[in-house]
Amino acid sequence: MKTMKTMLSVLLAVLLLAACGVLAMAECAHEYDPTYYPPTCNDRGYTEYVCSLCGDRIQEGFVNATGHMYGEWQDLSQPTCTATGLQKRVCRVCQGTETRTIGMLDHADADGDGTCDTCDFVFEKEENNELSPYEWLKLFFRNLVAWFRAIFA
Ligand SMILES: [Zn+2]
Ligand SMILES: [Zn+2]
Ligand SMILES: [Zn+2]
């Protein structure tokens, strides 16, 4: 009889605790205050609702980032036949900059003197590119010697 009473009171206590837990977890009546965060160049925009009672946060109504609103490309340096050029442009909204390189120019020989008109580059004559059989053989043996040296060094 005594154990029955103890068991009952334990059960009651457990039920009471459970009831308290349910009450504590009961739905908040949620009073949300909306704050609008507009999109920026890099980030999405959205509206955030924060409950003033329980602090619950919901974000919704996402809109895509706007992307940068770049102005015109400006020359920082002009490309030459020995160096690349550089350009930059600035975002009108966030002042973020973007740069790009401009490829080198080809050597030019308008006056046909065999050297570049703007730098000291000497154009190779076509016939020099083709080795005579004798030169080819010389080069072949030179490479062979270098190859043997590399192996037996
Ligand atoms: Zn709430
Ligand atoms: Zn921007
Ligand atoms: Zn040149």
Side-chain angles (χ1 to χ4, degrees), residues 9-147 150:
S9 54
V10 165
L11 195 73
L12 208 74
V14 167
L15 276 174
L16 213 70
L17 271 172
C20 282
V22 168
L23 269 179
M25 279 167 27
E27 282 282 296
C28 169
H30 290 326
E31 281 180 21
Y32 288 114
D33 291 320
T35 311
Y36 176 63
Y37 295 94
T40 66
C41 295
N42 293 313
D43 297 314
R44 297 192 293 178
Y46 57 90
T47 305
E48 186 173 63
Y49 298 88
V50 182
C51 175
S52 56
L53 303 177
C54 72
D56 187 42
R57 285 163 190 271
I58 299 172
Q59 294 176 349
E60 56 185 33
F62 285 97
V63 283
N64 289 335
T66 56
H68 295 289
M69 305 270 279
Y70 284 119
E72 295 293 305
W73 285 106
Q74 301 157 20
D75 290 332
L76 294 182
S77 65
Q78 298 282 355
T80 66
C81 53
T82 52
T84 54
L86 197 64
Q87 288 186 319
K88 93 167 178 185
R89 58 180 184 169
V90 183
C91 174
R92 292 191 207 100
V93 181
C94 73
Q95 312 305 314
T97 58
E98 189 178 57
T99 55
R100 68 175 180 187
T101 52
I102 310 296
M104 281 190 278
L105 305 174
D106 288 333
H107 296 292
D109 185 18
D111 51 13
D113 62 355
T115 56
C116 176
D117 301 335
T118 46
C119 75
D120 297 330
F121 178 79
V122 180
F123 286 87
E124 266 188 62
K125 292 199 179 74
E126 286 282 325
E127 56 265 29
N128 285 350
N129 285 337
E130 282 177 28
L131 296 174
S132 66
Y134 169 71
E135 277 175 313
W136 187 89
L137 218 62
K138 206 168 76 178
L139 201 70
F140 175 79
F141 278 110
R142 199 187 295 155
N143 285 340
L144 203 67
V145 168
W147 185 66

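What's counted below: heavy atoms across the whole structure, side chains too, no hydrogens, waters or symmetry copies. Atoms within a ligand are numbered from 1 in the order they appear, just like the ligands themselves.
Exactly one of Asn143, Leu139, Leu137 qualifies for a side chain to side chain contact (heavy atoms under 4.5 Å, CB included) with Phe141. That residue is Leu137.
In this structure, Ser52 contributes its side chain and Glu31 its backbone to a donor-acceptor pair below 3.5 Å. With Asp117 contributing its side chain and Ala110 its backbone, the two residues share a donor-acceptor pair below 3.5 Å. Looking at Thr47, its side chain never comes within 3.5 Å of a backbone N or O of Thr35 through a donor-acceptor pair.
The distance cut-off of 2.8 Å around the Zn ion (ligand 1) captures these protein N, O or S atoms, sorted by chain and number: Cys28 SG, His30 ND1, Cys51 SG, Cys54 SG.
Taking the six-membered ring for Trp and thresholds of 30 and 60 degrees, Phe121 and His107 have nearly parallel ring planes, at less than 30 degrees apart. Ring orientation note: the planes of Phe140 and Trp136 are close to parallel, at an angle under 30° on the 30°/60° scale.
Put simply, the angle at the Zn ion (ligand 2) from SG in Cys41 to SG in Cys91 is close to 110°, to the nearest 10°. At the Zn ion (ligand 3), the vertex angle linking SG of Cys116 with SG of Cys81 is 120° (nearest 10 degrees).
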**OP:** Begin from the C-alpha positions of Gln95 and Val90 and carry the test side-chain contact (heavy atoms from CB on, under 4.5 Å) through to its verdict.
**Re:** CA-CA 6 Å; Gln95 312 305 314; Val90 183; 3.9 Å; yes
**OP:** Let me see the working for Ile102 and Thr84 under side-chain contact (heavy atoms from CB on, under 4.5 Å), right down to the final yes or no.
**Re:** CA-CA 5 Å; Ile102 310 296; Thr84 54; 5.9 Å; no
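For the Zn ion (ligand 2), the nearest N, O or S atom contributed by His68 is named ND1. Of all N/O/S atoms in His107, ND1 sits nearest the Zn ion (ligand 3).
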